[in-house]
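Here the structure is laid out as structure tokens; the discussion comes afterwards.
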Amino acid sequence: MQRFEGTSLGKSDVLQATLAQTVSMQFRIPDATGAPFTSVGAEQMASKFEQFAELHVPGSPVILYNIWDVGSAHAVVKAGAKALATGSHPVADAQGWLDGQQVPLDFTLANAKRIADAVDIPLTVDFEGAYSDDPEQGGANVVQLAATGAVGCNFEDQVIGGEGLHPLDLQVRRIAAIRRAVGDAFFINARTDAFLKTQDYSDALVDQVIERGKAFADAGASGFFVPRLADPAQIERIVREVPLPLNVIAFPGAPPKSVWADAGVARISHGPFPHRALMAKLEEMAREAIG
């Protein structure tokens, strides 16, 4: 898959330092057309970040029904959502791209900006691998994401366009670089795809996940995301041993959310499934109308 190691957007050291250290200034980065837009103020971002972070309560998980554009954001807000989260897969699908950082970085940033500007509740963005394997470049890209008004991001450890997971030491350096660049008031939801890379959900796999979760916490992560993790006993063990709020993803056949809540989950995402369900319904309605 194509990788976007760099970007034409501005990512100066001044911008990075300002985001991390200053609460009174605003940022300017170009949108997908090249025209500059002004981000929300850092003070407002910090307030939304705190609001978002406080939603992560083990045993009473925040529900993130993943969105892909402003229209879906408005629908989920009307349903009573306390926060919003994009999913990389539905964002890609809705625009005709493949998942896996095939959506251009410029579009991802502009899309995040449009959504953040359209709603009052916190927004977190599925930022995949931060569009770079290089720790410092990844950190600079996340700074640009934060300047759109997003208060957090998912950041995954799979090798996008390759095989397996990044070595733990490299992934730790990538998370640490993001934290240095973006400052404290940004929710880094560190994701491991260990459960997605195997069909053997053994205790040894859980050991590996816990090792990664602890290391991610030490590197500055705010949350820990383990997609495809479902077993309540395994969840309870990870919650006990990893000092981060745990995020899992709802999927067809998964246990009820109440079971996950009882196991200590703090955040439940829905990934690509809302968009897929909506497209299936649209096709059904279209067939009825056309037929």
Side-chain angles (χ1 to χ4, degrees), residues 3 5 11 13 15-17 19-21 42 45-46 49-50 52-56 58 85 88 101 122 124-147 150-160 162 164-197 205-229 234-235 237-249 264-267 269:
R3 304 302 305 278
E5 297 296 338
K11 44 185 180 288
D13 291 338
L15 177 62
Q16 297 182 47
L19 180 63
Q21 299 173 9
M45 284 176 60
F49 159 76
E50 292 173 1
F52 182 64
E54 289 172 357
L55 293 174
H56 293 71
S88 66
Q101 290 183 175
T124 184
V125 171
D126 185 349
F127 210 45
E128 301 189 83
Y131 288 81
S132 179
D133 292 344
D134 177 73
E136 301 306 319
Q137 180 63 62
N141 291 344
V142 174
V143 166
Q144 293 183 88
L145 177 63
V151 300
C153 73
N154 286 356
F155 178 62
E156 63 197 47
D157 64 357
Q158 71 165 303
V159 180
I160 298 175
L165 307 180
H166 285 292
L168 181 55
D169 61 340
L170 173 59
Q171 191 66 10
V172 164
R173 287 190 287 113
R174 296 172 79 204
I175 293 170
I178 291 172
R179 178 57 73 203
R180 285 195 304 272
V182 82
D184 292 335
F186 191 83
F187 199 101
I188 303 172
N189 198 37
R191 165 176 155 169
T192 181
D193 283 352
F195 269 73
L196 296 178
K197 299 298 182 181
L205 180 64
V206 176
D207 291 341
Q208 177 188 351
V209 166
I210 289 171
E211 179 186 21
R212 285 191 169 243
K214 288 180 176 178
F216 294 172
D218 290 341
S222 313
F224 188 38
F225 184 18
V226 189
R228 193 53 185 86
L229 173 65
Q234 292 180 332
I235 288 173
R237 184 180 167 207
I238 293 170
V239 168
R240 281 196 310 269
E241 299 192 34
V242 176
L244 293 172
L246 179 64
N247 179 190
V248 296
I249 187 168
V265 166
R267 170 170 166 174
S269 305

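FYI, the numbering just counts along the sequence from 1.
Across all their heavy atoms, V226 and F195 have their closest contact at CG1-CD1, 3.7 Å. G223 and N189 make their closest contact through C-OD1, 3.4 Å (heavy atoms, listed as atom of the first residue, atom of the second, distance). Counting all heavy atoms, side chain and backbone alike, A181 lies closest to G139 at CB-O, 3.6 Å. Closest approach of I188 to G220, counting heavy atoms only: CD1-O, 4.1 Å. The two residues K197 and G164 make their nearest non-hydrogen contact at CE-O, 4.1 Å. Between A266 and P245, the closest heavy-atom pair is CB-CB, 3.7 Å.
With hydrogens and angles ignored, the 3.5 Å screen pairs a side-chain donor or acceptor of T124 with a backbone N or O of C153. In this structure, R191 contributes its side chain and G129 its backbone to no donor-acceptor pair below 3.5 Å. At distances below 3.5 Å, at least one donor-acceptor pair connects side-chain atoms of N247 with backbone N or O atoms of R267. Q171 places no side-chain N or O within donor-acceptor distance of the main-chain N or O of H166, the cut-off being under 3.5 Å. Here the side chain of E156 pairs no donor or acceptor atom with the backbone of L165 at under 3.5 angstrom.
D126 and N154 are not linked by any side-chain donor-acceptor pair at a separation below 3.5 angstrom, with hydrogens and angles left out of the test. For the residue pair S222/R179, the side-chain donor-acceptor check at 3.5 Å is satisfied.
Applying the salt bridge (charged side-chain N to carboxylate O under 4.0 Å, His left out) test to pairs two or more places apart or on separate chains, those with a residue in residues 206-217 are D157-R212, D207-R237.
Once rounded to the nearest 0.5 Å, the distance linking OH of Y131 with CD of Q144 reads 11.5 Å. Expressed to the nearest 0.5 Å, how far OG of S88 lies from CZ of F127 amounts to 11.5 Å. Interatomic distance, CZ of F186 versus CG of L145, reported as 4.5 Å (0.5 Å rounding). For the atom pair CG of L244 and CD1 of I238, the computed distance is 11.5 Å after rounding to the nearest 0.5 Å. Atom CG in N141 sits 9.0 Å away from atom CD1 in I178 (nearest 0.5 Å). To the nearest 0.5 Å, atom CG of residue D184 and atom CD of residue E50 are 11.0 Å apart.
With contacts defined as side-chain heavy-atom distances shorter than 4.5 Å, the pair V142/F155 does not qualify. Taking 4.5 Å as the limit, every side-chain heavy atom of L246 sits out of range of all side-chain heavy atoms of V242. Two residues are said to be in side-chain contact when any heavy atoms from C-beta on lie closer than 4.5 Å; R180 and E136 meet this criterion. By the 4.5 Å heavy-atom criterion applied to side chains, F216 and L168 are counted as neighbours.
A side-chain contact (heavy atoms from CB on, under 4.5 Å) with R228 holds for exactly one of I249, L196, V248; it is L196.
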